[in-house]
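What follows is a single structure, written as structure tokens, with notes after it.
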Amino acid sequence: MSHNLEPIHFSDSIQPHGILLVLSDPELTLLFMSANIQDYLGIAPHSLLGQSLNTLLDDQLVEAIRQSLGEIDSVTPIKLQECISVGEHSFDSLVHRTEGAIILELEPTSPQTELGFFSVRASVKRAMTKLRHVSRGSEFLQLVTQEVRKITGFDRVMVYQFDQHGAGTVMAEAKQDDLPTYLRLHYPATDIPEQVRALYARGLLRFIPDLTAQSIELVPASFGVKQPLDLSFAVLRGVDPCCVEYHQNMGVAAILVIALINNQKLWGLIACHHQTPKFVPYEIREACELLGQFVSSELANKVNHEELDYIVKLRSLQSEFVESISKVDNLKQALVNPAPRLLDLVSAQGAAVCLEDEITLVGITPTTQEIRALTQWVDKQLGDALFHTDSLPKLYPEALMFKDVASGLLLLQISKVRRYYILWFRPEFLQTVNWAGDPNASITVEADGSITLSPRQSFEKWQETVRLTSLPWKACELENALDLRSAIVGIVLNKADELARINQELERSNQELDSFAYAASHDLKEPLRGIHNYSMLLLRGYESVLDDVGKNRLQTLIRLTRRMESLIDVLLKFSRLGQAELHLVPTDINQLAHQVLEDLRVSHQNVQPDIRIPRPLPTVHCDPILINEVFMNLLSNAFKYNDKAEQWIEIGYLDASEQLSKGLSQPDAYSPVPFVFYVQDNGIGIRARHLETIFRLFKRLHEQRLYGGGTGAGLTIAKKIIERHGGRIWVESTVGVGSRFYFTF
């Protein structure tokens with residue numbers, strides 16, 4: 001537990017309970033050795049440096065090391081054999097690689113260790129069996145501390161878990177009765193700095209039998225290897241002075257620490273403390289390391305049992321939610337109805353669905369205006385699709401105003417192209433944290449502003465009330481949010497593909513229908529003309545033979561064929577509209593409208609309404625022949641469907657600014673277009689229920705004999721032409737007052 005900011009795994013000293021040799025790779029020449037080789041073997045270091053390893057060990061053992069070089073790596077020290085003899089002494093031997101060298105460690109062999117009636121191996125096997133049968137996480141961790149204490153004999157054994165910020169909590173403890181408890185106490189991240197956690201994350205075991213022991217220097221040869229050495233994996237690696245001071249302040253003289261790895265990340269530690277120096281034989285340490293690996297493998301099943309239940313619940317909710325939103329067309333409504341589903345996905349108390357500038361609130365949330373400002377702030381922070389914090393007011397001071405509802409924020413960006421977000425909120429959650437001593441006591445701010453870390457003097461329980469924070473967002477909740485984003489994107493893409501396919505199919509069907517209508521109409525004209533001609537011949541040739549009833553029937557047949565021919569002509573014209581190419585040219589609508597009015601005055605000499613054009617009409621890009629047809633149909637209807645004594649027609653347009661100022665509502669329109677044209681009259685008007693019907697083919701609202709007849713196709717053709725120009729047409733009307741037809745290009 002070091003506070004030194006220098007790389008602690010580089011060292012030029014070791015602990016005194018063994019010998020360390022550094023050998024060249026692959027020659028096995030002695031480059032470094034610990035100075036205590038004199039104490040153990042009575043050999044002066046300088047007499048061995050630069051010599052072959054054969055001068056120290058017998059040839060058979062050196063050959064064994066040489067042959068094992070292919071298996072030796074820089075991760076796990078390998079034990080060569082049960083024990084090796086050097087002179088009259090017996091050692092446990094460990095060997096591993098470091099950069100450019102081989103490291104060989106020798107520890108004096110201890111007498112055979114017995115734990116009651118059971119050997120070390122049997123004790124570990126028994127512990128594993130007991131641990132397998134425990135299902136609850138808290139009981140599992142407590143049993144781990146008890147079994148490790150039985151095997152090692154340490155005064156205190158703790159299971160220590162790291163949080164996402166590197167701070168730790170004692171989750172379980174087995175101790176000597178007269179010692180104070182550390183259970184549930186919190187330790188700041190500075191107690192076990194990041195570089196130390198990085199070493200433990202490699203799955204290492206750390207053993208220091210005597211924190212007060214004098215360190216042993218490494219004696220280097222005058223050539224061949226850089227100093228200091230990387231001793232990350234050396235069991236005998238020296239101890240940082242801050243680590244010594246820290247543990248002495250706790251009243252600890254010996255430690256054994258076993259790393260716990262879960263999902264390839266450092267989950268926590270099994271920390272063993274003893275009040276006096278305590279040597280633990282290699283055999284027991286090896287057994288503890290094995291037990292630590294077993295505990296690591298069981299963590300997901302035991303400690304995370306409740307978490308797994310919660311994950312299963314979230315996944316089930318997610319599955320149902322995604323299935324429901326995939327079946328509807330309105331994404332926003334699917335997300336917010338019914339309201340609890342969106343909140344339950346991440347266990348939030350409030351949410352906001354932001355689709356561009358439209359914000360929909362669910363549950364307990366800040367105001368719409370506060371959320372709008374918040375999303376603008378988060379926009380600048382987003383580096384990914386997800387942003388989350390459990391202390392929003394500390395990052396965004398404006399959140400102090402709504403800390404009661406949103407001290408925690410989880411924001412999901414659905415689209416990078418459009419401003420589509422889902423925000424979830426959690427309220428402030430006041431909590432009391434019990435620290436092992438004041439966590440700030442280890443931080444000293446110097447006069448020059450620099451910060452120095454030093455071991456705390458006290459580990460007495462120190463309470464802190466944590467404010468402006470919510471319950472933290474769990475990893476599974478964040479994953480659920482990201483999965484929801486993927487699901488929504490997938491659904492939208494599927495909808496887009498389906499819509500594109502439907503549009504393609506509709507386009508093909510429309511083309512086929514137009515072709516069929518054209519062919520059918522064209523083919524119908526010939527037999528219809530024959531019926532008409534034969535009827536005329538019968539009427540002329542047999543006039544003297546036929547009575548009045550027969551003559552009337554033939555005249556009715558002739559009238560019906562003329563009516564049928566006009567309907568077929570209209571159908572031909574309508575079907576051609578779907579096939580003909582548009583010839584778009586700049587067209588003066590002012591000139592076009594005046595020409596149509598002139599033609600209508602000639603054909604409707606008995607009706608001469610007052611024509612109003614408030615201002616000159618603009619020039620637009622269109623097909624003049626087809627747009628002429630639109631004006632002809634609209635103005636012709638304005639001439640016909642009017643029973644007032646004083647009739648008038650107005651032709652005009654609204655530009656984009658006028659559309660906004662009048663609050664004009666265009667069906668399915670999201671923004672103003674350059675021009676909206678209109679044709680207005682003071683005619684008979686149209687009932688509200690018929691405002692859509694009038695655009696259907698052959699749909700007349702009046703009897704054939706009224707208002708000058710007609711086929712009922714004029715407005716249908718006008719609508720088709722406008723749609724071919726990418727525009728829309730609609731009508732506003734009041735019965736007895738008049739109508740105003742709007743259209744855009």
Side-chain angles (χ1 to χ4, degrees), residues 9-110 199 202-205 207 216-238 281-283 285-287 289-290 293:
H9 51 288
F10 286 98
S11 180
D12 55 6
S13 68
I14 66 164
Q15 299 178 66
H17 62 277
I19 302 168
L20 186 137
L21 306 173
V22 180
L23 314 169
S24 64
D25 184 8
E27 300 83 7
L28 301 184
T29 301
L30 290 160
L31 302 176
F32 281 76
M33 64 184 61
S34 56
N36 60 351
I37 194 168
Q38 177 90 43
D39 302 326
Y40 280 98
L41 302 176
I43 304 173
H46 292 288
S47 66
L48 292 173
L49 287 172
Q51 303 295 314
S52 170
L53 184 59
N54 297 74
T55 59
L56 182 65
L57 304 181
D58 63 58
D59 293 346
Q60 188 177 355
L61 184 55
V62 173
E63 187 57 32
I65 294 174
R66 199 180 299 281
Q67 289 180 4
S68 64
L69 285 179
E71 301 174 16
I72 296 172
D73 58 30
S74 59
V75 177
T76 309
I78 295 175
K79 187 174 182 180
L80 288 177
Q81 55 192 54
E82 283 306 310
C83 64
I84 64 172
S85 296
V86 183
E88 299 176 358
H89 303 277
S90 178
F91 294 92
D92 289 315
S93 56
L94 295 171
V95 63
H96 74 277
R97 264 197 174 88
T98 189
E99 187 177 348
I102 301 292
I103 291 182
L104 176 63
E105 296 179 83
L106 305 175
E107 284 188 36
T109 305
S110 304
L199 280 177
R202 301 180 184 182
L204 300 181
L205 177 145
F207 174 51
I216 304 298
E217 289 188 356
L218 294 180
V219 180
S222 57
F223 61 89
V225 74
K226 71 176 185 179
Q227 190 180 10
L229 291 165
D230 181 356
L231 298 182
S232 299
F233 298 94
V235 175
L236 295 171
R237 188 180 77 243
Y282 176 80
E283 183 183 17
R285 293 180 349 237
E286 190 177 40
E289 192 169 13
L290 179 63
Q293 291 170 1

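Remember, predicted model here, so these are calculated numbers, not experimental data.
- With contacts defined as side-chain heavy-atom distances shorter than 4.5 Å, the pair Leu28/Ile65 qualifies.
- Proximity of Val22 to Ile102: side-chain heavy atoms (C-beta onward) are nowhere separated by under 4.5 Å.
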Original post:
side-chain contact (heavy atoms from CB on, under 4.5 Å) between His17 and Leu236: does it pass, once the steps are laid out?
Top reply: CA-CA 8 Å; His17 62 277; Leu236 295 171; 3.4 Å; yes

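- Gln293 CD: more than 12 foreign heavy atoms inside a 6.0 Å radius.
- Minimum interatomic distance between Gln38 and Ala44 (heavy atoms only, all atoms of both residues): OE1-CA, 3.1 Å.
- Among all heavy-atom pairs drawn from Phe32 and Pro220, the shortest one is CE2-CB, 3.3 Å.
- Contact between Pro108 and Gly18 at its shortest, heavy atoms only, is CD-CA, 4.4 Å.
- The shortest side-chain heavy-atom distance between Val95 and Ile103 does not fall under the 4.5 Å cut-off.
- A heavy-atom distance below 4.5 Å is found between the side chains of Ser232 and Leu199.
- The two residues Ile43 and Ile37 make their nearest non-hydrogen contact at O-CG2, 3.5 Å.
- Scanning both residues, Ser93 and Leu106, for their nearest heavy atoms gives CB-CD2, 3.7 Å.
- Put simply, the side chain of Arg202 reaches to within 4.5 Å of the side chain of Phe233, judged on heavy atoms.
- For Gln15 (side chain) and Phe207 (main-chain N/O), a donor-acceptor pair under 3.5 Å exists by modelled atom type.
- Remark: side-chain polar atoms of Asp58 are paired, donor with acceptor, to backbone N or O of Leu61 under 3.5 angstrom.
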Original post:
Going through the distances and angles, do Ile14 and Ile19 end up as a side-chain contact (heavy atoms from CB on, under 4.5 Å)?
Top reply: CA-CA 8 Å; Ile14 66 164; Ile19 302 168; 5.9 Å; no

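- The line from CG of Leu20 to CG of Leu218 is 6.0 Å long, rounded to the nearest 0.5 Å.
- Put simply, the side chain of Gln51 does not reach to within 4.5 Å of the side chain of Thr29, judged on heavy atoms.
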Original post:
Going through the checks in order, is the side-chain contact (heavy atoms from CB on, under 4.5 Å) test met by Met33 and His46?
Top reply: CA-CA 9 Å; Met33 64 184 61; His46 292 288; over 6 Å; no

Original post:
Could you walk me through whether Leu94 and Leu104 pass the side-chain contact (heavy atoms from CB on, under 4.5 Å) check?
Top reply: CA-CA 6 Å; Leu94 295 171; Leu104 176 63; over 6 Å; no

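- Judged purely by atom type and a 3.5 angstrom limit, Glu105 uses its side chain to pair as donor or acceptor with the backbone of Val235.
- Contact record, Tyr40 with His89: O-NE2, 3.1 Å, taken as the closest heavy-atom pair.
- Remark: Arg66 does not engage Glu27 in a salt bridge, criterion side-chain N to carboxylate O under 4.0 Å.
- Taken from CG in Leu49 to CG in Leu30, the straight-line distance is 7.0 Å, to the nearest 0.5 Å.
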